[in-house]
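We count ligands from 1, going down the list as the structure has it; atoms in each ligand are counted the same way. Values below: all heavy atoms of this structure, side chains included; hydrogens, waters and symmetry mates excluded. Here the structure is a predicted model, which means the values were calculated and not measured.
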Amino acid sequence: MDRVRPLTAKETASAALALVNEHLGARSVVAVVYSHSHGDHFGGAHGVVDEADVRSGKVPVIAPVGFLEHAVAENVYAGNAMNRRMFYQYGSLLDRSPFGHVDQAIGKGVAAGSTGLIAPTIDIVEDIEELTIDGVRMVFQNTPGTEAPAEMNTWFPDYKAFWAAENIVATVHNIYTLRGALVRDALEWSRQINKALYLFGNAADVMFASHSWPRWGNQRIREVMRTQRDAYAHLNNGVMHLANQGVTINEIHRVYQVPESLQNSWAARSYHGSVEHNSRAVINRYLGYWDGNPATLIPLAPRESAPLYVEMMGGADAIVSRAQQLLEAGDYLLAVEVLNRLVYAEPEHVAGRRLLADAFEQVGYQQESPSVRNSFLAAALELRSGIPTGVAPKSTGPDLVRALSTLQFLDYLGIRLDSSAVGDVTFVMNLVTPDNDESFVVELSNRTLTSLQGFLSNTPDLTLTINRTDLEKTMIGVVPLQQQVASGAAVLDGDPTILLTLAGVLTQFEPTFAIMPGTTPDAAAVPADAFSYRDLGDSSGG
Ligand SMILES: [Zn+2]
């Protein structure tokens with residue numbers, strides 16, 4: 001059997017398969033296993049297998065329980081913000097140079113190309129489950145709540161080969177990923193590695209995983225597994241040990257220390273997740289963002305407080321000259337503190353912006369984690385020259401939009417609703433999708449759109465009936481809703497103006513909003529059908 005992790009994009013996946021066939025002899029793909037629900041681990045499925053063969057049952061696609069839901073769930077509601085922040089985490093728009101982008105941590109870059117999603121046909125549901133495909137035995141270990149919400153390790157007992165999904169890579173991973181995502185559970189991650197160690201690790205001759213090289217020899221495998229197990233467990237336990245003695249989310253990254261034995265281990269270094277942002281994440285998971293000091297409970301926005309700081313620090317010139325001294329002394333974070341106030345108070349202050357960019361660059365260059373480095377360098381770039389223009393907005397592949405549930409789609413309309421533009425309009429709408437037997441009641445009231453699945457109003461202002469398969473064409477932007485009505489694919493019963501009203505108050509988010517003050521470009525809005533969906537976040541790289 002030939003199992004191929006189907007990479008991020010169709011083009012790279014089919015090139016990888018061709019390389020294998022060229023060097024190892026031609027072979028056919030008889031099954032696909034998805035290790036987890038992140039985009040760079042299923043996006044290239046179309047490059048290795050024909051979807052018709054999957055639908056006909058010829059080629060099974062095997063995935064951990066919850067895969068399809070989580071392939072999109074993490075990226076729905078904050079998708080546009082995630083894609084904007086992705087530019088920072090991955091430094092996608094930085095020059096490739098020693099002073100710019102050199103790495104993306106667990107990869108040199110995310111492949112460009114067409115991404116897709118073929119739905120699994122076999123779900124691995126039990127904690128441990130065994131399957132034999134084409135004579136190859138596979139033992140799956142579900143590891144939900146680790147690197148991804150749906151993830152599984154695979155053990156090939158006849159080959160003593162252990163596939164650690166993305167649970168064990170050559171670095172400490174992200175407990176908090178800077179593009180934005182729910183904070184992960186370091187303790188559960190550690191526990192699943194420990195379980196794998198006792199289930200398979202003691203017998204394995206080779207261990208391979210996402211984004212890194214294979215480990216050969218049982219002693220080395222056990223050593224790497226223990227290192228990773230302990231790195232995540234210590235992160236959780238060490239941080240909470242301090243938090244229970246009063247160390248807060250705003251101090252922990254300056255206090256928490258990784259044990260020296262782990263610091264000296266390559267597999268526990270910060271080539272992806274940094275100790276600083278991960279330690280803050282652990283407290284965020286258990287205690288939230290507040291440090292307990294009321295001064296930080298309802299803080300002024302930086303824009304509001306900055307002018308007073310600048311005034312009391314003696315004005316812009318005084319800040320610039322002091323910051324210059326701090327930079328020369330190598331006190332980059334102190335320079336950031338004062339210059340950041342200046343840039344918020346006076347976004348057009350060129351010398352202040354340039355100095356803050358200088359300070360960001362120096363902090364960035366000192367980082368081991370490429371995500372942290374890239375974030376500092378990307379902010380520096382934008383402070384110097386504004387948000388780069390000419391970048392095509394990232395579009396979400398149609399397969400992924402089809403994976404959205406109708407409720408997720410409706411919920412996201414609620415997020416896109418510009419409530420300041422709604423006025424006093426209220427309505428109650430029923431939505432029925434007969435082909436999958438679903439129904440929803442959608443209400444606009446108090447300038448708020450709410451949706452509830454499994455219920456219908458007895459007195460709706462409008463009932464919209466459309467098959468889910470047709471609705472998907474609108475969701476992916478191929479057939480506008482108005483055209484569905486004209487063709488009869490969508491049937492309206494009641495007041496049809498409700499849909500026009502709704503379409504008129506839906507915001508199309510742009511992935512070019514300013515992060516640093518004063519860096520907004522004059523980007524033209526990209527027109528699109530109001531009901532099409534294009535903001536799904538990308539989870540590549542975890
Ligand atoms: Zn991943």
Asker: Verify the distance criterion only: is there a donor paired with an acceptor across the side chains of Ser56 and Asp53 at less than 3.5 Å?
Answerer: no
Asker: With the Zn ion (ligand 1) at the center, what angle do OE1 from Glu147 and OE1 from Glu166 span, rounded to 10 degrees?
Answerer: 100°
Asker: For the NE2 atom of His36 and the OG atom of Ser210, what is their distance to the nearest 0.5 Å?
Answerer: 5.5 Å
Asker: Kindly confirm whether the Zn ion (ligand 1) is within less than 2.8 Å of some N/O/S atom in His41?
Answerer: no
Asker: Angle at the Zn ion (ligand 1), ND1 of His38 to NE2 of His36, rounded to 10 degrees, please.
Answerer: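 The ND1/NE2 angle about the Zn ion (ligand 1) sits at 100°.
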Asker: Before accepting this row, confirm whether a basic side-chain N of the pair Arg280/Glu251 lies closer than 4.0 Å to the acidic partner's carboxylate O.
Answerer: no
Asker: Check whether any side-chain heavy atom of Asn174 sits under 4.5 Å from a side-chain heavy atom of His272, and report yes or no.
Answerer: yes
